[in-house]
There are 4 protein chains.
Amino acid sequence: MLLDALKSAVLEANLATVRSGLVTATFGNASGIDRDSGTVAIKPSGVPYNEMTPDQIVAVSLDGALIDNRMKPSSDLDTHLVLYRAFPEIGAVIHTHSTYATIFAQALVPIPPLGTTHADYFRGAVPVTRHLSEEEIRDRYVAATGDAIVEVIGDRDPLEVPAALVASHGPFVWGRTPQDAALNALILEEVARMAWSSMMLRPALPAIPDALLDRHFLRKHGAHATYGQTGATR
Amino acid sequence: MLLDALKSAVLEANLATVRSGLVTATFGNASGIDRDSGTVAIKPSGVPYNEMTPDQIVAVSLDGALIDNRMKPSSDLDTHLVLYRAFPEIGAVIHTHSTYATIFAQALVPIPPLGTTHADYFRGAVPVTRHLSEEEIRDRYVAATGDAIVEVIGDRDPLEVPAALVASHGPFVWGRTPQDAALNALILEEVARMAWSSMMLRPALPAIPDALLDRHFLRKHGAHATYGQTGATR
Amino acid sequence: MLLDALKSAVLEANLATVRSGLVTATFGNASGIDRDSGTVAIKPSGVPYNEMTPDQIVAVSLDGALIDNRMKPSSDLDTHLVLYRAFPEIGAVIHTHSTYATIFAQALVPIPPLGTTHADYFRGAVPVTRHLSEEEIRDRYVAATGDAIVEVIGDRDPLEVPAALVASHGPFVWGRTPQDAALNALILEEVARMAWSSMMLRPALPAIPDALLDRHFLRKHGAHATYGQTGATR
Amino acid sequence: MLLDALKSAVLEANLATVRSGLVTATFGNASGIDRDSGTVAIKPSGVPYNEMTPDQIVAVSLDGALIDNRMKPSSDLDTHLVLYRAFPEIGAVIHTHSTYATIFAQALVPIPPLGTTHADYFRGAVPVTRHLSEEEIRDRYVAATGDAIVEVIGDRDPLEVPAALVASHGPFVWGRTPQDAALNALILEEVARMAWSSMMLRPALPAIPDALLDRHFLRKHGAHATYGQTGATR
């Protein structure tokens, strides 16, 4: 992929999170990666969304070396890089403070799969990371945040659980492309909102049956997906 | 009814659910039927709403045979067909994942009639279907979903309870016309939102008195309706 | 006041409730009265708000006789007339199904004065009417609704408590003018929303101290009001 | 700073609170101060936001003497003046009735630091003032409100806790500039909304660890701030 196309896709994913109401002020950041060249493109730090241009998107290598040096990258860059190195299947990462996903992160409660809306995009609960130690916070906060996400995903396929909630912070979401990750971030927020209200209405609500979870997830993802006009995965 | 007019009305009902905030992403689908010819028109699968045109609306027969073959129909088509075959009074079906109706569906709690807003459109509680068996999920998921709706409506008049909540999934709503069904879907969401908050404020809240329920429902529906400029049913 | 000016003010009050998000579909109705001539102007029944014109506003006398006969008046007309006859101080009445005020009406819980936002407009709790008897519902439902409101206001000054919640139904709000009533309807909804959430956060929350309630109400209302550019009552 | 520039910045901060959905009707007011001349500019009382012009912003001295006399200043002026005299670090004050911050004020519950969104802007809980005595309410209500805020901030740095909730009333927020204060008011509301929902989901939720609180606050504020393009404090 040409770097300009990557930057445009990353800018668009950043703006999509704003249009969807997932970010307030300058919170949040989206990045994408070109796996062939190993180039990551990410939002600059603290730039207002309505003034952001494609050439302000910052390009870095997978180990964080700046490729073009005009702007400072997002202060969460190291978290993104950890995820790209640990999850070779993914092509984009988005971090937001979207309201309901953040509420679960603050309450340290995983988002359980309570309905087919959840199952259409997440094959099981969206987990919450452990709290970092004081040493981790002091010495390598941003990278350690990524490590905690990788740790909590564990053996699960990151494309089957394309999000995790960082404890007391907010969601990190990913996908095959910036567009996919932006859609996952939007769905995560809606799923969190509905889970919250369902749990308030009926506190001990169990997760949906596995057969229903799999039916819905596999309808939209994987080799046997049937949803949409192509009949293959979206 | 001419097929073109049916397709336009179905497109409009699909777009009305988006304008009313009842659908996120490509969730949801609306269909309508011309009872004279037995033709059902339904949303295509996975097409973005803002790009949808009348000629993309898919026409099928009541047993699901494609009449015009350009696009794949909504993956929920078989649920719609079961409802049209079981409920000859209805002319349109809409499925959404609207937030509060879905919350009740996820919590497996029927929406009780707690006020006259509910009673104006639904003559009693909006029921929740049973969960499907593993066999039903595996072998005939979409049609079995329709069967479960028909089962839970039972002896009630489907035009007096023009909606059901599919367990762990979301609402299916219907009406005499696509326009009626779209209005019912909008009212259902508002009624669910108010019921949720009323139940949170006062958990053991009883349903409204039958006399009040009937007074409001019959004011707007049936031979003796008095609401609106015609004095007859809307 | 000229009838045309009254009709325009009533239309504007109806549209203001829509713009403020207080009504869904064709729910709700606003009226105003010219006390000199005893003419009441009210929304027509079941007309979509976006098509409503001043000449569709229906004029009736205080005992309900139609003055100009083009359109059917709102089906809630008799409730409005009871209020105008019982409360000579008021010049406008608005009925909505606004979400949080209706939630309290459905839960049969008065809205307690929990903050100065409430106290700025309502000098004490907004009460809930009793349920009507089956006979009242059958024989004179709409007028009996008005009687129940008058009964629950009792000895209080209707301009100090310019709203009541009809049990299991929704709010009726009034004011000196259609513009006042529309503002009271908007504030009532916001006050109800905040009261609901405050009560969820801290269930046994007491009402605010009387001295604070009076300080705020009298700052904006009555002979000694100090708010705004005139220094007199608004 | 020229008075015209101050008035424009104050008008803009007032309008920003409206655009952000923090105020309903004519609630709320923003002011700013030019420390060199000791001039405070504040919103006029009861003027609709959509008609407000820079020359309607009222200029007064730090002890409340009118500098230009066209309009009556906000009825909350004396609270603002108390804050400017007590907190020499601040350059702007904003008062709103924003929904969730007001909910905590009404419930008399401080907003605890439950996440990094909070910690990015507030270094600890946002406190609630005590109730005023009847004497204070009667004799010097508006200034006493300011005194109660100063009292509850106590020894804390007002730029580290740039807000307090006035009991049964709503938030006062401040900052170095009108723009800062408007951002703090917006973040406070979002932080309150998320805290409310987190506390509903998990009632006995503890505050976030101090190390995490400090990491986030100091990332955006003070001599060692690293956020944004300058690397210094914003």
Side-chain angles (χ1 to χ4, degrees), chain A residues 16 19-22 98 100 111-121 179-180 182-220 224-234, chain B residues 21 23-29 44-48 51 56 58 70-76 95-111 128 131-142 144-145 165-170 192-193 195-200 203:
Chain A
R19 279 198 307 270
S20 305
L22 302 184
S98 73
Y100 280 90
I111 305 171
L114 297 181
T116 63
T117 317
H118 184 118
D120 279 338
Y121 288 86
Q179 194 177 8
D180 272 358
L183 180 58
N184 288 342
L186 172 64
I187 302 291
L188 178 68
E189 176 60 11
E190 177 65 6
V191 158
R193 183 156 72 126
M194 296 199 297
W196 185 89
S197 299
S198 295
M199 292 163 81
M200 296 299 293
L201 185 59
R202 196 165 162 175
L205 191 60
I208 61 172
D210 281 350
L212 189 59
L213 181 73
D214 287 351
R215 173 67 177 69
H216 271 265
F217 188 80
L218 299 174
R219 184 174 73 98
K220 288 211 174 182
H224 302 286
T226 58
Y227 183 83
Q229 291 302 317
T230 60
T233 188
R234 75 203 152 74
Chain B
V23 305
T24 300
T26 61
F27 290 129
N29 38 72
S45 181
V47 172
E51 301 172 4
Q56 289 179 328
V58 183
R70 262 174 303 229
M71 305 286 281
K72 275 177 58 185
S74 162
S75 59
D76 290 321
H95 169 51
T96 78
H97 288 204
S98 74
T99 306
Y100 280 90
T102 301
I103 285 162
F104 276 87
Q106 291 192 160
L108 310 175
V109 174
I111 304 171
V128 181
H131 269 133
L132 301 184
S133 70
E134 289 195 25
E135 288 69 31
E136 287 173 314
I137 290 173
R138 190 187 56 221
D139 298 340
R140 47 188 301 281
Y141 178 62
V142 184
T145 297
L165 308 177
V166 175
S168 306
H169 190 149
R193 184 156 71 127
W196 185 89
S197 299
S198 296
M199 292 162 81
M200 295 300 293

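Chain A is the first sequence line, chain B the second, and so forth, proteins listed ahead of strands; every chain is numbered from 1.
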Using non-hydrogen atoms and a 4.5 Å limit, figure out which bit of A:Leu205 sits close to chain B: side chain, backbone, both or neither.
side chain
B:Ala167, B:Ser168, B:Ser74, B:Gly170: which one forms the most heavy-atom pairs within less than 4.5 Å of chain A?
B:Ser168
Bottom line for A:Ala195: the part with an atom under 4.5 Å from chain B's heavy atoms is backbone
Under 4.5 Å heavy-atom distance to chain B, tell me which part of A:Pro113 shows up: side chain, backbone, both or neither.
neither
Take atom CD in B:Glu136; do more than 12 heavy atoms of anything else shown fall under 6.0 Å from it?
yes
The reported gap from NE2 in A:His216 to CD1 in B:Ile137 (rounded to nearest 0.5 angstrom) is 8.0 Å
If one checks every heavy atom of B:Leu108 against chain A at 4.5 Å, the contacting part turns out to be both
Counting only non-hydrogen atoms closer than 4.5 Å, does B:Met71 touch chain A with its backbone (N, CA, C, O), its side chain (CB onward), both, or neither?
both
How far apart are the closest heavy atoms of A:Gly115 and B:Gln106, and which atoms are they?
CA-OE1, 3.5 Å
To the nearest 0.5 Å, what is the distance between CZ on A:Arg202 and CZ on B:Phe104?
12.0 Å
Any chance you could measure A:Asp120, atom CG, to B:His97, atom NE2, to the nearest 0.5 Å?
6.0 Å
Quick check for you: among B:Glu134, B:Arg138, B:Met200, which has the greatest number of heavy-atom pairs under 4.5 Å with chain A?
B:Met200
Please look at A:Leu186 and chain B and tell me whether the side chain, the backbone, both or neither of the residue comes under 4.5 angstrom of a heavy atom of that chain.
side chain
State, to 0.1 Å, how close B:Trp196 and A:Ser197 come at their nearest heavy-atom pair, and which atoms those are.
NE1-O, 3.0 Å
I'd like to check B:Phe27 versus A:Thr116 (side-chain heavy atoms, cut-off strictly below 4.5 Å). Are they in contact?
no
Output the distance between atom OG1 (B:Thr102) and atom NE2 (A:His118), rounded to the nearest 0.5 Å.
14.5 Å
Would you indicate whether the side-chain heavy atoms of B:Tyr141 and A:Leu212 approach each other to under 4.5 Å?
yes
With a 4.5 Å cut-off on side-chain heavy atoms, are A:Arg219 and B:Val142 touching?
no
Among A:Ile208, A:Asp214, A:Asp210, A:Leu201, which has the most heavy-atom pairs under 4.5 Å with chain B?
A:Leu201
